[in-house]
Amino acid sequence: MSDIFQEVDNELRRDRLSRFWNENGIIIISAAVAIVVAVTIGVIYKGIQNSRNEAAFERYQVMLEAVGEAEDATQLLQEFVDQEDNGYGVLAQFRLAETLAGDKKFAEAAALYEKIAIRGDLPVTVRDFANLMAGASLIGQASASDIQARLGKMLDTPNGFRGQAREVYALSLLMGDDPLAARDLLQVHIAETATTPAMRLRAQILLDEALQKLRLSSE
């Protein structure tokens with residue numbers, strides 16, 4: 001009988017973690033979004049003087065307006081991505097992946113982020129962000145080891161996304177019932193990369209969850 005109660009408790013805790021991610025996921029990556037958009041726009045701007053890029057910018061703006069009014073935004077975004085092999089096409093790919101994730105098509109979103117991540121013509125910052133988003137899209141959908149593979153060196157090497165990558169990986173460990181590994185990672189994260197009050201608060205919430213799961217498992 002105690003095993004049944006433990007199983008129910010584990011399910012309830014996973015539900016709480018899922019709600020945490022749904023409520024805080026966009027906050028976790030919001031700082032990164034501004035960086036990536038700035039970098040991508042910077043790359044685009046270098047060639048904006050030629051008429052081809054100016055025309056692409058105008059098409060992008062028209063497409064965004066249409067997406068805001070369309071019932072099926074994914075179709076418009078996909079058509080634009082298929083037609084534009086340039087920086088604006090990359091921006092549209094990010095928007096399309098975000099839309100797919102919002103529709104709970106997590107595997108499709110992750111696959112699209114991964115397509116961006118392997119493009120050698122993009123800055124490393126943009127590719128890293130795409131990998132981060134691929135991992136984030138699969139929280140609760142893939143194993144922690146799968147998500148770790150997508151986050152790669154971002155977890156350990158100094159870079160602008162290490163804090164966000166550690167949060168994503170820690171949450172995947174908790175969702176995968178590995179509170180010990182989550183605790184160790186979060187303690188390092190709080191000491192090294194949780195540099196803002198909001199990030200430290202989120203990390204502490206996750207750490208408290210990990211410690212609580214460890215206490216329950218030892219009883």
Side-chain angles (χ1 to χ4, degrees), residues 17-44 60 64 67 73-74 76-78 80-81 84 86-176 185 189 193-194 196 198-199 202-203 206:
L17 288 170
S18 295
R19 287 197 298 272
F20 174 87
W21 175 245
N22 290 336
E23 294 170 1
N24 293 277
I26 191 63
I27 300 172
I28 290 172
I29 60 174
S30 59
V33 173
I35 296 171
V36 171
V37 171
V39 171
T40 308
I41 291 295
V43 172
I44 295 168
Y60 181 71
L64 287 182
V67 163
T74 57
L76 290 175
L77 287 163
Q78 185 63 64
F80 188 88
V81 168
E84 303 289 340
N86 50 46
Y88 296 106
V90 175
L91 290 176
Q93 280 181 292
F94 275 114
R95 183 70 176 268
L96 175 57
E98 178 187 358
T99 301
L100 289 169
D103 292 338
K104 301 189 182 305
K105 298 178 180 178
F106 301 111
E108 292 180 41
L112 187 52
Y113 284 127
E114 288 168 351
K115 285 181 65 176
I116 300 171
I118 63 174
R119 287 188 54 158
D121 59 328
L122 295 176
V124 173
T125 304
V126 176
R127 299 200 303 271
D128 282 349
F129 178 68
N131 277 321
L132 175 66
M133 293 302 296
S137 298
L138 294 174
I139 290 282
Q141 310 297 316
S143 69
S145 59
D146 286 342
I147 291 173
Q148 181 186 28
R150 287 169 170 83
L151 300 176
K153 294 180 179 179
M154 281 185 286
L155 288 167
D156 302 309
T157 58
N159 62 79
F161 298 132
R162 183 161 59 169
Q164 286 88 354
R166 284 175 169 174
E167 287 188 56
V168 168
Y169 183 42
L171 185 54
S172 72
L173 288 167
L174 284 171
M175 296 285 285
L185 177 61
H189 173 46
T193 50
T196 67
M199 187 178 281
R202 292 194 304 271
L206 292 175

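Bear in mind that the values here come from a model prediction, so they are computed numbers and not experimental data.
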Q: Just by modelled atom types, is the I118 backbone N or O under 3.5 Å from a matching donor or acceptor in the R127 side chain?
A: no
Q: Does the side chain of R119 come within less than 4.5 Å of V90's, by heavy atoms?
A: yes
Q: Between R150 and N131 (side chain of the first, backbone of the second, donor and acceptor by atom type, cut-off under 3.5 Å), is there such a pair?
A: no
Q: State, with a plain yes or no, whether a side-chain heavy atom of I116 is found less than 4.5 Å away from one of F129.
A: no
Q: Output the distance between atom CG (L138) and atom CD (E114), rounded to the nearest 0.5 Å.
A: 7.0 Å
Q: How close do F80 and A92 get, counting heavy atoms only, and between which atoms?
A: CD2-CB, 3.5 Å
Q: Output the distance between atom CD (Q93) and atom CD (Q78), rounded to the nearest 0.5 Å.
A: 8.5 Å
Q: Out of curiosity, Q164 CD to L151 CG, how far, rounded to the nearest 0.5 Å?
A: 11.0 Å
Q: List the atom of G140, the atom of M175, and the distance in Å for their closest heavy-atom pair.
A: CA-CE, 3.9 Å
Q: How close do A109 and A97 get, counting heavy atoms only, and between which atoms?
A: CB-O, 3.4 Å
Q: Using side-chain heavy atoms (C-beta onward) and a distance below 4.5 Å, is L64 in contact with R95?
A: yes
Q: Look only at the side chain of N159 and the backbone of F161, and say whether a donor-acceptor pair between them is shorter than 3.5 Å.
A: yes
Q: Side chains of Y88 and L91: closer than 4.5 Å at any heavy-atom pair?
A: yes
Q: Run the side chain to side chain donor-acceptor pair (under 3.5 Å) test against S143 and tell me which residues pass, sequence neighbours left out.
A: S145, D146
Q: Are R166 and L155 packed together at the side-chain level, in the sense that at least one heavy-atom pair is separated by less than 4.5 angstrom?
A: yes
Q: How long is the straight-line distance from CD1 of I147 back to CD of Q141, given to the nearest 0.5 Å?
A: 9.0 Å
Q: To check you understand the geometry: which heavy-atom pair defines the closest contact between Y113 and E98, and what is its length?
A: OH-N, 3.5 Å
Q: Does some side-chain heavy atom of H189 sit less than 4.5 Å from a side-chain heavy atom of M199?
A: yes
Q: Quick one: NZ on K105 to OG1 on T74, what's the gap to the nearest 0.5 Å?
A: 5.5 Å
Q: State the CG-CG distance between L112 and L77, to the nearest 0.5 angstrom.
A: 10.0 Å
